[in-house]
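Excluded from the calculations below are hydrogen atoms, water molecules and symmetry mates; all remaining heavy atoms, backbone and side chain alike, are included. Atoms within each ligand, like the ligands themselves, are counted from 1 in listed order.
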Amino acid sequence: MLDEIKRNEIPTDFGSDLDDESDETENFGNQLAMVNDLKNRLNEIDIALNKIQSKDYGICEKCGKEIEEEILDTDPESRYCKICKLNEAH
Ligand SMILES: [Zn+2]
């Protein structure tokens, strides 16, 4: 009984459908690339928004103090305050 069902599920006609299938695969690949592109863009926006909304922005990850404006001016990505940055350098 089970064997009979399995045998019926195996597609036997690969003939004339082959061209259509390869086209679909190509289209799918293009769509996937587009979706990935959009996802990447959304990701970048997300990261930027998170940074703005984040309470941790401008707070030193090491000592928890506010990062000096002069540091943020020159290095907005900085996660450490001036002192910790200096300590890190040694
Ligand atoms: Zn610090």
Near K39 NZ, under 6.0 Å, is it more than 12 heavy atoms from other residues, nucleotides or ligands?
no
In Å and rounded to the nearest 0.5 Å, what is the CG to CG distance from D46 to N40?
12.0 Å
Which atom pairs, one a donor and one an acceptor, fall under 3.5 Å between side chains of residues 64-76 and the rest of the protein, sequence neighbours left out?
| residue | atom | partner | partner atom | Å |
| --- | --- | --- | --- | --- |
| E68 | OE1 | K82 | N | 3.0 |
| E70 | OE2 | K82 | NZ | 3.3 |
| T74 | OG1 | E70 | O | 3.0 |
| T74 | OG1 | I71 | O | 3.1 |
| D75 | OD1 | E77 | N | 3.4 |
| D75 | OD2 | K85 | NZ | 3.3 |

Tell me the protein N, O or S atoms under 2.8 Å from the Zn ion (ligand 1), in chain and number order.
C60 SG, C63 SG, C81 SG, C84 SG
Nearest 0.5 Å, what's the CG-OG1 distance between L32 and T25?
11.5 Å
In terms of heavy-atom contacts, C63 and C60 come closest through N-SG, 3.4 Å
